[in-house]
Chemist: 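Once you've had a glance at the structure underneath, I'll fire off some questions.
Values reported hereafter were calculated over all heavy atoms of this structure, with side chains retained and with hydrogens, waters and symmetry mates removed. Along the sequence shown, residues are numbered consecutively beginning with 1.
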Amino acid sequence: MKNQHLNPMKIILTAILTLIAIVAISQPCLQKCVGQGGGFTAQNLATGAPFAVPQYTIVWTSNVPNAFVGQGTNQITWAVISNTAGNFTGNYTVTNVASGCDTTINFCIDVILPTPPTLNLTNICFSNVSGIPIGVGTPTGGVYTDALGNVVTTITPSMVGQTITYTTTGTNGCSGSTTDIVVGLPSPNGGILGF
């Protein structure tokens with residue numbers, strides 16, 4: 001029987017490959033808008049697939065104000081990450097059940113506010129029964145709605161006193177809205193006097 005010797009280089013290479021199999025790289029901050037949901041998947045960079053449970057155990061932690069679902073799985077999600085802007089952090093620890101080796105991967109989420117739109121409704125004269133274009137909201141490309149959620153494109157005298165909402169997506173990708181009230185202007189009360 002031959003005497004087998006262990007090759008130190010082979011042991012080191014095996015250890016490095018095993019470590020690579022369970023280590024993922026921290027990603028840049030996930031950017032989400034206030035009120036949006038989202039989540040993370042624990043990715044095995046050696047295979048390109050999510051870490052498989054039960055071969056790996058995964059424990060998630062975070063300081064996000066709202067609770068997530070998915071503890072113990074390779075993916076967590078939030079229905080709503082946060083209703084306020086802020087930078088939130090967390091991590092997951094993944095453990096290879098067979099070897100007992102583990103690593104902790106950090107993540108962060110930037111929750112941002114929408115770019116606030118502006119709305120300047122056009123005032124309408126009571127005598128203008130056919131209506132006028134609604135006005136200008138910025139940034140352009142948004143949608144005007146009345147209190148019932150109906151899309152509005154013109155203002156008529158019957159709408160005086162109603163609230164119009166302008167909703168648009170800003171340059172940061174977040175939706176925002178603002179409101180204004182339809183103002184009616186009196187028309188000259190003219191008559192004719194014969195002489």
Chemist: Same cluster or not: V183 versus I124, using hydrophobic residues (I, L, V, M, F, W, Y) connected whenever any side-chain heavy atoms lie under 4.5 Å apart?
Modeler: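 Hydrophobic grouping puts V183 apart from I124.
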Chemist: Under a 3.5 Å distance rule, please check whether T41 uses its side chain to pair with a backbone N or O of Q43 as donor and acceptor.
Modeler: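 Looks like no, no N/O pair under 3.5 Å.
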Chemist: Tell me whether Q162 contacts the main-chain N or O of A147 through its side chain, where contact means a donor paired with an acceptor under 3.5 Å.
Modeler: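 Not confirmed, Q162 side chain does not pair with A147 backbone.
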Chemist: Okay, side chain of N96, backbone of G100: is any donor-acceptor separation there less than 3.5 Å?
Modeler: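 Checked: no pair found.
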Chemist: Nearest 0.5 angstrom please: I76 CD1 to I58 CD1, how far?
Modeler: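 It comes to 10.5 Å.
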Chemist: Report whether V53 and V94 are members of the same hydrophobic cluster (ILVMFWY, side-chain heavy atoms less than 4.5 Å apart, transitive linking).
Modeler: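 In one cluster: yes.
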Chemist: In the single-linkage hydrophobic clustering (I, L, V, M, F, W, Y; side-chain heavy atoms under 4.5 Å), do I132 and F126 co-cluster?
Modeler: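 Linked, I132 and F126 end up in one cluster.
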Chemist: Looking at V97, is its backbone amide N or carbonyl O close enough to the side chain of T95 to form a donor-acceptor pair, meaning the two atoms are under 3.5 Å apart?
Modeler: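 Absent.
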Chemist: Are the side chain of Y166 and the backbone of G142 linked by a donor-acceptor contact shorter than 3.5 Å?
Modeler: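 Yes; at least one donor-acceptor contact below 3.5 Å.
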Chemist: If I take atom CD1 from residue I155 and atom CG from residue D146, how far apart are they, to the nearest 0.5 angstrom?
Modeler: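 With rounding to 0.5 Å, CD1 (I155) is 11.5 Å from CG (D146).
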Chemist: Between atom OG1 of T145 and atom CG of N150, what is the distance when rounded to the nearest 0.5 Å?
Modeler: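 If I round to the nearest 0.5 Å, the distance is 8.5 Å.
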Chemist: Check the angle between the aromatic planes of F68 and W78 and answer parallel, tilted or perpendicular using the 30° and 60° thresholds.
Modeler: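 Ring orientation, 0 to 90° scale: perpendicular.
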Chemist: The criterion is ring pair (Phe, Tyr, Trp, His ring centres under 6.0 Å); which residues satisfy it with F88, sequence neighbours excluded?
Modeler: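 Here no residue qualifies.
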Chemist: What is the distance from atom OG of S62 to atom CG of N106, rounded to the nearest 0.5 Å?
Modeler: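 Rounded to the nearest 0.5 Å, the OG-CG separation comes out at 12.0 Å.
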Chemist: Keeping the roles fixed (side chain from D180, backbone from L121), state whether a donor-acceptor pair exists under 3.5 Å.
Modeler: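 Yes, the answer is positive, given that a donor and an acceptor are paired below the 3.5 Å cut-off.
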Chemist: Hydrophobic clustering (ILVMFWY, side-chain heavy atoms < 4.5 Å, transitive) - are V80 and I109 grouped together?
Modeler: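 I109 does not cluster with V80.
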Chemist: With side chain to side chain donor-acceptor pair (under 3.5 Å) as the criterion, how do N87 and T89 come out once you've worked through the C-alpha distance, each side chain's angles and the decisive distance to 0.1 Å?
Modeler: CA-CA 7 Å; N87 181 269; T89 59; 5.8 Å; no
Chemist: Do you reckon L30 sits in the same ILVMFWY cluster as L113, going by side-chain contacts under 4.5 Å, direct or chained?
Modeler: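 Yes; L113 is reachable from L30 via cluster members.
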Chemist: Has the side chain of N74 got a donor or acceptor atom that lies under 3.5 Å from a matching backbone atom of F51?
Modeler: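 Such a contact is found between N74 side chain and F51 backbone.
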Chemist: For T138, which residues count as a side chain to side chain donor-acceptor pair (under 3.5 Å) partner, sequence neighbours excluded?
Modeler: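 T118.
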Chemist: How far does SG of C29 sit from CD1 of I112, to the nearest 0.5 angstrom?
Modeler: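 C29 atom SG to I112 atom CD1 measures 11.5 Å (nearest 0.5 Å).
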Chemist: Is there a donor-acceptor contact under 3.5 Å from the side chain of N91 to the main chain of T104?
Modeler: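 Side chain of N91 to backbone of T104: no pair is present.
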